[in-house]
K.L.:
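Structure provided below as structure tokens; questions to follow.
All values below come from the heavy atoms of this structure, side chains included, with hydrogens, waters and symmetry mates left out.
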Amino acid sequence: MKFLRVGPAGSERPAVLGPDGAAYDLSARVPEIDGAFLSGLDPAAAADLAALAASGTLPRIDLDGVRIGAPVARPGKVVGIGLNYRDHAAEAGAAIPSEPVVFLKPGNTVVGPNDEVLVPRGSRKTDYEAELAVVIGRTARYLESDAEAAAAVAGYAAVNDVTERAFQLEHGGQWDKGKAAETFTPLGPWLVTPDEVGDPQRLGLRLWVNGRLRQDGSTADMIFPVLEIVRYLSRFMVLEPGDVVVTGTPAGVTLGHPGVAFLQPGDVVELAVDRLGRQRQVFGAA
């Protein structure tokens with residue numbers, strides 16, 4: 001299934017895409033697409049919602065001109081994995097990590113997939129990162145197996161892990177500084193359930209800046225695959241329903257290409273992840 005949230009920021013309505021590709025309003029039956037909803041989304045509940053979406057009894061939403069919000073509301077935390085593609089580590093001049101590199105982004109960095117992204121004041125090196133996001137659906141602590149990790153995953157989404165490289169690397173080397181600015185996590189358009197995604201290690205990721213292709217990679221090239229990441233993180237923190245894990249980016253970021261301009265107000269970034277949809281952000285000034 002594909003879940004989404006539509007409407008003005010702060011007033012989004014939950015919706016689902018039907019088999020006809022149209023969006024249907026869930027707000028009379030589902031208060032919000034959040035941790036509470038995801039924790040109760042067992043196979044029986046999902047089957048009921050799928051039947052509703054196919055029945056034509058839900059109100060249809062015309063998406064023309066309607067804002068699409070992030071597909072999960074109020075993530076408790078966004079957990080990032082750095083240097084998780086060999087080609088990206090190489091272009092960054094970094095060694096292949098022996099364990100996942102972990103950083104945190106505030107939940108309030110999450111915005112809709114097509115919302116304006118703000119270049120921070122004082123920024124010199126705002127960059128993009130097309131990534132696969134994992135949305136957690138069950139409390140996860142000390143997971144022992146891939147099966148347990150898979151059971152904790154509610155679904156997947158496309159995400160742009162926007163990063164200010166000077167803040168990240170030139171102000172004490174604390175990655176969170178470069179990851180935490182407002183609007184720095186455009187998420188969506190959809191939360192797609194695992195049954196519809198299939199193998200998360202077979203997804204292509206592409207990103208364009210002002211119409212020029214900059215990234216063209218595949219999740220097959222991850223150093224640490226999705227289920228290993230979820231299992232690993234559960235050793236160091238409790239993952240809760242509604243949390244979002246962003247799993248790293250392939251080569252092609254501006255950081256790895258000296259002489260290529262970093263993002264400025266007015267630039268347009270578009271990205272696509274197979275089976276997870278497309279995003280488009282116009283960058284503005286904070």
K.L.:
Should Arg124 and Glu164 count as an ion pair when the cut-off is N to O under 4.0 Å?
P.N.:
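Glu164 and Arg124: not salt-bridged.
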
K.L.:
Less than 4.0 Å between a side-chain N and a carboxylate O, is that true for Glu270 and Arg206?
P.N.:
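No salt bridge links Arg206 with Glu270.
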
K.L.:
Would you call Asp146 and Arg231 a salt bridge, taking side-chain N to carboxylate O under 4.0 Å as the test?
P.N.:
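Yes, charged N to carboxylate O under 4.0 Å.
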
K.L.:
Nearest 0.5 angstrom please: Ile68 CD1 to Asp115 CG, how far?
P.N.:
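Answer for the CD1-CG pair, Ile68 versus Asp115, is 10.0 Å.
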
K.L.:
So, do Val78 and Val110 sit near enough that their side-chain heavy atoms are less than 4.5 Å apart?
P.N.:
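Contact flag for Val78/Val110 side chains = yes.
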
K.L.:
Any idea which heavy atoms bring Met1 and Thr193 closest together, and the distance?
P.N.:
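In terms of heavy atoms, the two residues are closest at N-OG1, 2.5 Å.
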
K.L.:
Determine, for Arg138 against Glu240, whether the closest basic-nitrogen to carboxylate-oxygen distance falls under 4.0 angstrom.
P.N.:
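Answer for the salt bridge query: no.
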
K.L.:
Any idea which heavy atoms bring Ala180 and Pro106 closest together, and the distance?
P.N.:
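Distance-wise, the nearest heavy atoms are CB-CD, 3.6 Å.
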
K.L.:
Do Leu132 and Val246 come close enough that some side-chain heavy atom pair is under 4.5 Å?
P.N.:
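No. Closest side-chain heavy atoms not under 4.5 Å.
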
K.L.:
If you compare all heavy atoms of Leu38 against all heavy atoms of Ile136, which two are closest, and at what distance to 0.1 Å?
P.N.:
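For Leu38 versus Ile136, the nearest heavy atoms are CD1-O, 3.9 Å.
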
K.L.:
Once you measure the plane-to-plane angle for Trp175 and Phe103, does it fall in the parallel (<30°), tilted (30-60°) or perpendicular (>60°) bin?
P.N.:
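Taking Phe103 first and then Trp175, their aromatic rings sit tilted (interplane angle of 30° to 60°).
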
K.L.:
For Asp87 and Ala251, work out which heavy atoms get closest and say how close.
P.N.:
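Here Asp87 and Ala251 meet closest at OD1-N, 3.2 Å.
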
K.L.:
Can you find a pair of side-chain heavy atoms, one from Val134 and one from Val244, that are under 4.5 Å apart?
P.N.:
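Heavy-atom side-chain distance check fails, nothing below 4.5 Å.
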
K.L.:
Under a 4.0 Å N-O cut-off, is there an ion pair linking Glu116 with Arg280?
P.N.:
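Salt bridge absent between Glu116 and Arg280.
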
K.L.:
Side chains of Leu58 and Leu26, heavy atoms from C-beta outward: is any pair under 4.5 Å?
P.N.:
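Result yes, sub-4.5 Å side-chain heavy-atom pair found.
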
K.L.:
With a 4.5 Å limit on heavy-atom distance, are the side chains of Ile223 and Pro97 in contact?
P.N.:
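SC-SC contact between Ile223 and Pro97 confirmed.
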
K.L.:
Provide the closest heavy-atom pair for Thr254 versus Val260 in the form atom of the first, atom of the second, distance.
P.N.:
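Nearest heavy atoms, Thr254 then Val260: CG2-O, 3.4 Å.
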
K.L.:
In plain terms, say whether Lys105 and Asp161 are close enough for a salt bridge, that is, a side-chain N and a carboxylate O under 4.0 Å apart.
P.N.:
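So Lys105 pairs with Asp161 through a salt bridge.
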
K.L.:
Hey, could you give me the CE/CG distance between Met237 and Leu239, rounded to the nearest 0.5 Å?
P.N.:
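These two atoms lie 6.5 Å from each other.
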
K.L.:
Taking the side chain as every heavy atom from C-beta outward, state whether Val245 and Val226 have any pair of such atoms under 4.5 Å apart.
P.N.:
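No, side chains not in contact.
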
K.L.:
Under 3.5 Å, is there a donor-acceptor pair between the side chain of Glu91 and the main chain of Gly252?
P.N.:
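Flag set: sc Glu91 to bb Gly252 pair under 3.5 Å.
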
K.L.:
Counting only N and O atoms by type, is there a donor-acceptor contact under 3.5 Å from the side chain of Gln201 to the main-chain atoms of Thr219?
P.N.:
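Yes, Gln201 side chain to Thr219 backbone: donor-acceptor pair under 3.5 Å.
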
K.L.:
Will you find, in the side chains of Gln281 and Asn114, an N or O donor that is under 3.5 Å from an N or O acceptor?
P.N.:
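Side-chain D/A pair, Gln281 to Asn114: absent.
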
K.L.:
Treating Ser39 as the side-chain partner and Pro241 as the backbone partner, does any N or O pair qualify as donor plus acceptor under 3.5 Å?
P.N.:
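Between the backbone of Pro241 and the side chain of Ser39 there is no qualifying donor-acceptor contact (under 3.5 Å).
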
K.L.:
For Leu83 and Ala89, which heavy atoms make the closest approach, and how far apart are they?
P.N.:
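Scanning both residues, the minimum pair turns out to be CD2-CA, 4.0 Å.
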
K.L.:
Are Asp25 and Arg60 close enough for a salt bridge, meaning some N to O gap below 4.0 Å?
P.N.:
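Looking at Arg60 together with Asp25, the answer is no, because their closest N to O distance does not fall below 4.0 Å.
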
K.L.:
Under a 4.0 Å N-O cut-off, is there an ion pair linking Glu129 with Lys179?
P.N.:
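Lys179 and Glu129: salt-bridged.
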
K.L.:
Any donor-acceptor pair under 3.5 Å linking the side-chain atoms of Arg214 with those of Tyr128?
P.N.:
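The answer is yes; a qualifying pair exists.
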
K.L.:
Students often mix this up, so state it plainly: with edges at 30° and 60°, are the rings of Tyr232 and Phe236 parallel, tilted or perpendicular?
P.N.:
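Tilted.
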
K.L.:
Assess, by modelled atom type and distance only, whether the side chains of Thr109 and Glu182 contain a donor and an acceptor separated by less than 3.5 Å.
P.N.:
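Side-chain D/A pair, Thr109 to Glu182: absent.
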
K.L.:
Going hydrophobic residue to hydrophobic residue with side-chain gaps under 4.5 angstrom, can you get from Leu49 over to Val192?
P.N.:
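Different hydrophobic clusters.
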
K.L.:
Between Leu143 and Arg141, is a side-chain contact (heavy atoms from CB on, under 4.5 Å) present by the stated rule, with each step listed?
P.N.:
CA-CA 6 Å; Leu143 303 179; Arg141 54 166 60 86; over 6 Å; no

K.L.:
Does a sphere of radius 6.0 Å around CZ in Arg29 hold more than 12 heavy atoms from other residues, nucleotides or ligands, not counting ones at 6.0 Å or beyond?
P.N.:
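Open.
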
K.L.:
Can you find a pair of side-chain heavy atoms, one from Phe37 and one from Glu32, that are under 4.5 Å apart?
P.N.:
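Counting from C-beta outward, Phe37 and Glu32 never come under 4.5 Å.
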
